[in-house]
Amino acid sequence: MKAKTGLVAVASQYESGGQRAENLLAQAADALKSREVETQIASRVVWDAADAVDMCRELKQQNVDSLTVVLSTWVTDSLLYVLVHEMQIPVVFWAVPYTETFSIGCVQHFGSVLTTHGIPYEYVYGLGDDAEAADKVAMVAETGRIIKAVKNMKLALVGPRQTWRVAGPQDMTNEEWEFSQKFGVTLIHIEMEEITAIADELPEDEVGKTWKCLQKRTGKVLADEESMLHMTRIYLALKKVVKRYSLDALAAECYPFYSGLMNLPSSWLADEGVIVDTEGDIGHTVVMYMLNLAAKGGATALGEVGSMEGNILALAHEGSSAHSLAASIENVQISPSGDKGCFVGLPLRPIDPVTVSSIQGNGRDGYQILVESGKTVEASRQEWIDGGEKLLVKLEIGMKASEAVASLMEAGMDHHLLVKEGDYTALMSLLCKYLNVKKVSFHGTRH
């Protein structure tokens, strides 16, 4: 889906420049047409608070993802306050280069007010047809689209949680409450037994037909036929559960009691656009969802540092990664794991660039997200074998690998790292800003 920004011009009858408002608005709308963003232009220029209230109502009905405010003149705080407070979405102010309007000065002044109150914003400067300004406005809209999607996200936590409490909730943890309140994600508890029960009841002919179809996009299989049919049952059961609960993603328990149960189904589903994390990792599942939304598709790899050499981080994981992350299906291997389970082994193909991310934190001290870039380089077959024939990612970064890891440890970042094809660092940086979370790099923490 395309992001949508609400485009509104503000003006004051007591200031110079208001006569340009409609023309500036039209120019900005034209500049945004060539970018992957829809514009919803306010039906009239905002001259007073009544106009502001009406235009907010109008833009809310259009379900815009961000608000772009073109300042044709200096305007009062109270006018901009109505727009920002009523909309409650990422906002970007567009200042224009006319000295007598004090447009950029107005942005600086109101920006200081927003900063005082911890409200994030962005600004651009230039005429309505300025390409750089339009690019940033489009990116803020995309940020708003992703934030809205995450706030409406339904994420299943699959696995047993006995009824217990220590001066807190019952079958949920305080961490779940904090995370849900911060990011807006709705967490849904599902027992693993519900999935396995659905799997066990599936007709054999349906399972057999589905496995024949899946074979066409499945790598070299070392597991026995019984295991593969069982994996197919779990795959089909997960699809039914996703539909029943209207899920956007799942974070499922794995080690030690369900080792290999979700890994291959996770790989299959990842190439269908459904995220199934196999370690019950809610935070990284949400960041995966963000990255997939940013890229408008594709799968994200999850791994952890296995070794360091030079500027290469060798990431590994007991595989659940999408088949599409390998150079070809011939490079994917399905190995047995646990009781009728499997894991997916593949060396991640060379990709330049990639976005690297991670998340850590809590509701008390706050959250932080790693935003970095790099590239993946080819791993030899022997390197993949020596790595356990699991997922292997040779991640090349622009500094000494050991120094990067030391920096992450100093920042307190967790061991999971996400790798996504494409450079989305600018977009992820904006997400950190508008979500009010710390941004972390290989060089340290940035607020």
Side-chain angles (χ1 to χ4, degrees), residues 1-12 21-22 24-33 35-96 103-104 106-115 117-126 128 130 133-152 184 427 429-436:
M1 294 177 62
K2 283 187 176 182
K4 183 190 289 188
T5 189
L7 197 55
V8 59
V10 295
S12 170
E22 290 186 0
L24 289 169
L25 205 59
Q27 284 182 334
D30 285 341
L32 290 168
K33 281 182 181 178
R35 285 140 182 94
E36 288 195 17
V37 59
E38 293 182 22
T39 55
Q40 185 63 45
I41 305 173
S43 60
R44 65 177 184 268
V45 174
V46 171
W47 291 90
D48 56 29
D51 288 334
V53 170
D54 289 344
M55 292 306 97
C56 285
R57 185 186 304 114
E58 182 180 292
L59 294 175
K60 282 180 180 179
Q61 290 173 349
Q62 296 300 321
N63 200 29
V64 297
D65 301 309
S66 71
L67 180 66
T68 303
V69 182
V70 179
L71 290 98
S72 64
T73 73
W74 177 286
V75 294
T76 60
D77 291 2
S78 56
L79 186 64
L80 294 177
Y81 159 81
V82 172
L83 294 171
V84 172
H85 185 73
E86 274 288 298
M87 295 303 294
Q88 296 286 318
I89 54 178
V91 61
V92 54
F93 298 106
W94 195 319
V96 294
S103 177
I104 186 63
C106 187
V107 173
Q108 183 179 357
H109 163 68
F110 193 66
S112 74
V113 175
L114 293 180
T115 301
H117 293 281
I119 301 172
Y121 74 97
E122 280 288 331
Y123 78 93
V124 297
Y125 176 79
D130 186 278
D135 286 342
K136 180 175 274 192
V137 168
M139 187 171 290
V140 172
E142 182 69 0
T143 302
R145 181 184 76 91
I146 294 173
I147 290 173
K148 185 185 293 182
V150 171
K151 286 183 176 179
N152 290 296
L427 183 56
S429 297
L430 279 178
L431 279 166
C432 288
K433 182 173 185 175
Y434 283 108
L435 288 168
N436 277 315

CA sep, side-chain torsions, deciding dist, call: V10, V45, side-chain contact (heavy atoms from CB on, under 4.5 Å) = CA-CA 6 Å; V10 295; V45 174; over 6 Å; no
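- Environment of OH in Y434: crowded, with over 12 heavy atoms of neighbouring residues, nucleotides or ligands closer than 6.0 Å.
- Taking the side chain as every heavy atom from C-beta outward, E122 and M139 never approach each other to under 4.5 Å.
- Under the 6.0 Å distance and 45° angle rule, K136 does not count as a cation-pi partner of Y125.
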Test log, rule side-chain contact (heavy atoms from CB on, under 4.5 Å), inputs Y121 and V84 | CA-CA 10 Å; Y121 74 97; V84 172; over 6 Å; no
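- The closest side-chain heavy-atom distance from K433 to T143 is not below 4.5 Å.
- Closest approach of M55 and A42 over heavy atoms only: SD-CB, 3.6 Å.
- Atom CG of L79 sits about 5.0 Å away from atom OG1 of T76, to the nearest 0.5 Å.
- Remark: K151 NZ is loosely packed, at most 12 non-hydrogen atoms of other residues, nucleotides or ligands lying under 6.0 Å away.
- Heavy atoms of other residues, nucleotides or ligands lying less than 6.0 angstrom from CD of Q88 number more than 12.
- Across all non-hydrogen atoms, the minimal contact from V46 to D51 is CA-CB, 3.7 Å.
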Could you walk me through whether I147 and L435 pass the side-chain contact (heavy atoms from CB on, under 4.5 Å) check?
-> CA-CA 8 Å; I147 290 173; L435 288 168; 4.1 Å; yes
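- Between N436 and P120, the shortest heavy-atom contact is ND2-CD, 3.9 Å.
- Atom CG of L83 is separated from atom CZ of F110 by 8.5 Å, given to the nearest 0.5 angstrom.
- When V37, V92, L25 are each tested for a side chain to side chain contact (heavy atoms under 4.5 Å, CB included) with T68, only one passes: V92.
- Taking a cutoff of 4.0 Å between a charged side-chain nitrogen and a carboxylate oxygen, K4 and D65 do not qualify as a salt bridge.
- No salt bridge links K2 with E142; every basic N to acidic carboxylate O contact stays at or beyond 4.0 Å.
- Here the closest non-hydrogen pair linking R57 and D54 is NH1-OD1, 3.1 Å.
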Kindly indicate, with the supporting measurements, whether the criterion side-chain contact (heavy atoms from CB on, under 4.5 Å) is fulfilled by K33 and T39.
-> CA-CA 8 Å; K33 281 182 181 178; T39 55; 5.6 Å; no
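- Nearest heavy-atom pair across A31 and A134 is CB-CB, 3.9 Å.
- For residues 44-76, every residue pair satisfying the ring pair (Phe, Tyr, Trp, His ring centres under 6.0 Å) rule, not counting sequence neighbours, is listed here: W74-H109.
- In this structure, L7 and L67 have side chains that are not in contact, with every pair of non-hydrogen atoms separated by 4.5 Å or more.
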May I have the step-by-step check of salt bridge (charged side-chain N to carboxylate O under 4.0 Å, His left out) for E86 and K60, ending in yes or no?
-> CA-CA 9 Å; E86 274 288 298; K60 282 180 180 179; 3.3 Å; yes
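- A heavy-atom distance below 4.5 Å is not found between the side chains of K148 and I89.
- Here the side chains of L71 and L80 are in contact, with some heavy-atom distance below 4.5 Å.
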Any chance you could lay out the side chain to side chain donor-acceptor pair (under 3.5 Å) test for S12 and T73, step after step, and finish with the verdict?
-> CA-CA 6 Å; S12 170; T73 73; 5.0 Å; no
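- The 12-atom threshold is not exceeded at CD of E22, counting heavy atoms of other residues, nucleotides or ligands nearer than 6.0 Å.
- Residues V69 and W94 fail the side-chain proximity criterion, which asks for heavy atoms closer than 4.5 Å.
- In this structure, the side chain of S66 does not engage the main chain of G144 through any donor-acceptor pair within 3.5 Å.
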When you look at Q40 and T5, which way does the side chain to side chain donor-acceptor pair (under 3.5 Å) test go after all the steps?
-> CA-CA 6 Å; Q40 185 63 45; T5 189; over 6 Å; no
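- Residues A138 and R35 share a closest heavy-atom pair of CB-CB, 4.1 Å.
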